[in-house]
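Have a look at this one before I ask anything.
Sequence lines set the chain letters: A, B, ... in the order given, protein chains first and strands last, and positions in each chain run from 1.
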Amino acid sequence: MSDSALLAAVVADDEEGPALTVLRRSRHAAAASIGPWRLIASKLLRQRLAVAAGCVILLLYAIGGLAEFLAPALPDAARPQYTYAPPQPLHLFRTAPNGTTQFGPYVEGYRIAVDPVALRRSFVADTSRPVQVALFVRGPAYRLWGLIPMTTHLIGPVVSSQPMYLLGADRLGRDVLSRLVYGTRVSMSIGLAGVTVSLVLGVVLGAVSGFYGGVVDTLIQRAIEVVSAMPTIPLWLGLAAAIPLTWSPLSVYFVITLIVSLLGWTSLAREVRGRFLALRGEDFVTAARLDGAGEGRLIFRHILPSLTSHILAVVTLAVPTMIVAETSLSFLGIGLKPPVVSWGVMMQDAQNIRTIATAPWLLIWPALAVVLAVLAFNFFGDGLRDAADPYGD
Amino acid sequence: MVRYVLRRILYMIPTLFGMSLIAFLIIQLPPGDYLTSLVANMTSNGQTVDPAQIAKLRQIYGLGDPFYIQYGKWIWGIISRGDFGYSFEWNQPVARLIWSSMGATLLISLLSLIFVWAVSLPIGIYSAVRRHSFGDHVFTFVGFLGLAVPNFILALTLMYLAYRYFGQSVGGLSSPQFEGAPWSFAKLIDLLSHLWIPVVIIGASGTAALIRILRANLTDELHKPYVVTARAKGLPEHRVILRYPLRIALNPFVSALGWVLPHLVSGATIVAIVLNLPTAGPLLFKALVSQDMYLAGSFILVLSALTLVGMLISDLLLAALDPRIRYDR
């Protein structure tokens with residue numbers, strides 16, 4: 001049975017008519033009561049990769065949302081004595097002096113060793129000074145979402161003055177793990193905010209272009225052509241370089257969001273326009289028009305809902321571009337700037353080969369985070385697009 | 001055909017005009033101009049600045065004029081005598097700076113394009129013909145990674161790996177001993193040994209995208225009746241595939257030139273900054289940061305024009321390759 005037949009059955013559920021009665025009594029009786037969104041959801045759930053990717057996305061947003069609680073330390077807490085301290089592996093079981101092994105997570109402390117030839121200082125694990133680690137420990141004070149004062153951290157050293165660098169430390173002895181967690185909030189939210197702006201621009205311009213046609217259409221299409229033919233990264237560089245150094249981090253954040261979204265709307269506008277061109281001649285649009293529906297109602301109540309699922313898929317696929325854009329700009333030093341922490345800002349510390357050779361974890365972790373987010377959005381978006389396509393199966 | 005080409009070129013003019021307007025708008029966006037940043041620099045260095053001299057410089061450069069007059073002067077200079085303006089920072093005409101770095105930019109972009117095609121064509125065919133085989137899964141996985149890893153992260157990672165395991169620094173386009181040396185066979189070899197890294201990095205995501213496109217298109221074609229016919233009349237398998245379905249599946253490959261080229265050019269910008277290549281990227285970046293406006297604007301304009309030419313070439317190639325595309329509407 002085709003989906004449109006299902007839809008018709010759902011829409012005209014309370015009408016009495018021979019065809020529909022037959023449909024209701026058929027063996028598809030259960031399926032007939034499924035709405036389009038349920039259909040999409042059930043199709044999506046059948047794709048394991050997309051579901052896994054969706055879980056990863058949710059997890060990343062959860063990490064971003066609870067950053068203050070999840071991070072063991074504050075992102076700006078500098079401890080110069082632990083400059084470029086390497087990651088400490090987390091041990092789960094402790095061997096007591098009498099030989100018995102019991103559960104008790106700890107990391108090994110640091111000892112500074114000096115290479116007698118090169119006279120270079122380096123950190124080595126000090127097995128004699130374990131740092132006890134526990135869940136829900138009291139640590140540095142913070143305000144959850146800037147509002148609720150708290151001191152509990154999900155994980156951390158029991159004695160909060162002892163060093164715990166699960167993913168290593170950076171140039172100022174700040175905890176890479178904590179910065180990564182805080183960076184998740186900024187990087188993931190900029191993707192979302194940027195896509196929202198593109199969505200509004202793309203849908204409005206695409207809808208107007210496709211619905212009215214004629215001169216308006218030509219003008220908007222020309223504009224799209226110009227913008228999409230310009231090489232993206234030079235354009236981003238130009239826009240981002242225009243941000244004055246004196247601006248507050250918050251306004252820089254919003255301007256960067258605008259910049260990354262300014263170039264993402266073109267593909268969305270094209271898609272929406274194409275759908276509008278196809279749909280405006282459909283019978284249901286004509287019927288609504290004859291019913292006396294205004295243009296706004298026609299666009300927003302009748303045509304747009306029939307391409308919502310499609311738009312959703314396109315939007316999901318646009319998020320990674322925004323995340324990469326923010327990361328690239330911040331990496332070059334013209335995007336977000338410290339004290340704001342994003343994945344790109346973190347990678348700014350790993351710009352030259354010597355730093356990367358000394359402390360590869362400065363590059364590895366933020367890079368992995370970016371790749372994970374981009375992959376997750378791509379797989380989820382692909383799955384969503386397949387699920388939203390009523391003809392594919 | 002001639003009419004089609006002419007019409008396409010005519011269409012490019014308003015697009016180019018729009019691009020030049022955007023380019024100029026961008027370089028005008030930052031508050032202040034090159035002279036204000038120069039003055040700020042000099043005062044922070046403890047030098048005294050004579051306001052009269054600054055005012056005179058401002059008048060000479062026309063920096064006090066309103067936006068449309070500055071734009072008019074700039075664009076008229078380009079159209080009438082190929083004069084892109086003057087670079088304040090380098091004390092040179094912009095045109096000379098641009099042409100000196102455009103050579104390397106074009107070289108790297110073209111080599112990347114060739115790399116993209118040379119790699120994605122055989123892999124795309126293999127993946128489509130041996131769908132769901134082990135090799136196909138491997139290529140799909142690598143392809144997804146290539147799409148997901150941003151260029152500059154790939155560059156940094158390769159730099160780190162080369163440094164770590166080969167003890168070799170991979171930045172730049174030539175080793176120090178060949179800097180400024182006359183062209184010789186050894187220098188060419190040295191250039192090639194440096195060139196492959198940026199080419200692979202810049203081409204990675206384009207290659208991944210093209211493999212996916214070719215795989216999807218060729219798979220669609222492989223199940224059509226004419227393929228069965230070709231097989232039924234006893235053609236060997238490689239001719240069945242290469243002769244008919246591949247030719248049709250190649251069309252998006254050619255039209256991809258239109259978007260792969262801008263993609264490569266913009267990807268090259270950031271990779272060049274990371275790898276310290278003598279291309280347009282680092283120069284543009286420096287010009288933008290120091291508000292060297294004519295240099296920055298001209299770079300954006302030339303790079304945009306380059307992508308337009310790429311699109312034109314791809315449209316013409318497509319029209320020539322595919323008999324279904326008509327020249328006149």
Segment of A:Ala223 engaging chain B (4.5 angstrom heavy-atom cut-off):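 Looking at A:Ala223, nothing touches chain B.
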Taking B:Ile273, B:Ile270, B:Val149, B:Asn151 one by one, which has the highest count of heavy-atom pairs under 4.5 Å against chain A? B:Ile270
Under 4.5 Å from a heavy atom of chain B, the part of A:Leu363 involved: side chain
Reported CZ-to-CZ distance for the pair A:Arg222 and B:Phe17, which is rounded to 0.5 angstrom: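 Separation between the atoms: 14.0 Å.
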Out of B:Ile300, B:Leu301, B:Leu284, B:Ile22, which one racks up the most heavy-atom pairs below 4.5 Å with chain A?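 The candidate making the most pairs under 4.5 Å is B:Ile22.
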Under 4.5 Å from any heavy atom of chain A - which part of B:Ile153: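 Side chain only.
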So does A:Trp365 have more than 12 non-hydrogen atoms from other groups sitting under 6.0 Å from CH2? no
Nearest heavy-atom neighbours spanning B:Phe152 and A:Thr327: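 Closest pair (atom of B:Phe152, atom of A:Thr327, distance): CZ-CG2, 3.9 Å.
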Segment of A:Phe377 engaging chain B (4.5 angstrom heavy-atom cut-off): neither
Does A:Phe331 reach the side chain of B:Val274, with side-chain heavy atoms less than 4.5 Å apart? yes
Rounded at 0.5 Å granularity, tell me how far CD1 in A:Ile364 sits from CG in B:Leu156.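 Taking CD1 in A:Ile364 and CG in B:Leu156, the distance rounds to 11.5 Å.
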Let me see the working for B:Leu145 and A:Leu375 under side-chain contact (heavy atoms from CB on, under 4.5 Å), right down to the final yes or no. CA-CA 8 Å; B:Leu145 272 189; A:Leu375 272 181; 4.1 Å; yes
Between side-chain atoms of residues 313-323 of chain A and protein atoms elsewhere (two or more places apart, or another chain), which donor-acceptor pairs fall under 3.5 Å?
{"residue": "A:Thr316", "atom": "OG1", "partner": "A:Leu312", "partner atom": "O", "Å": "2.7"}
{"residue": "A:Thr321", "atom": "OG1", "partner": "A:Ala318", "partner atom": "O", "Å": "3.2"}

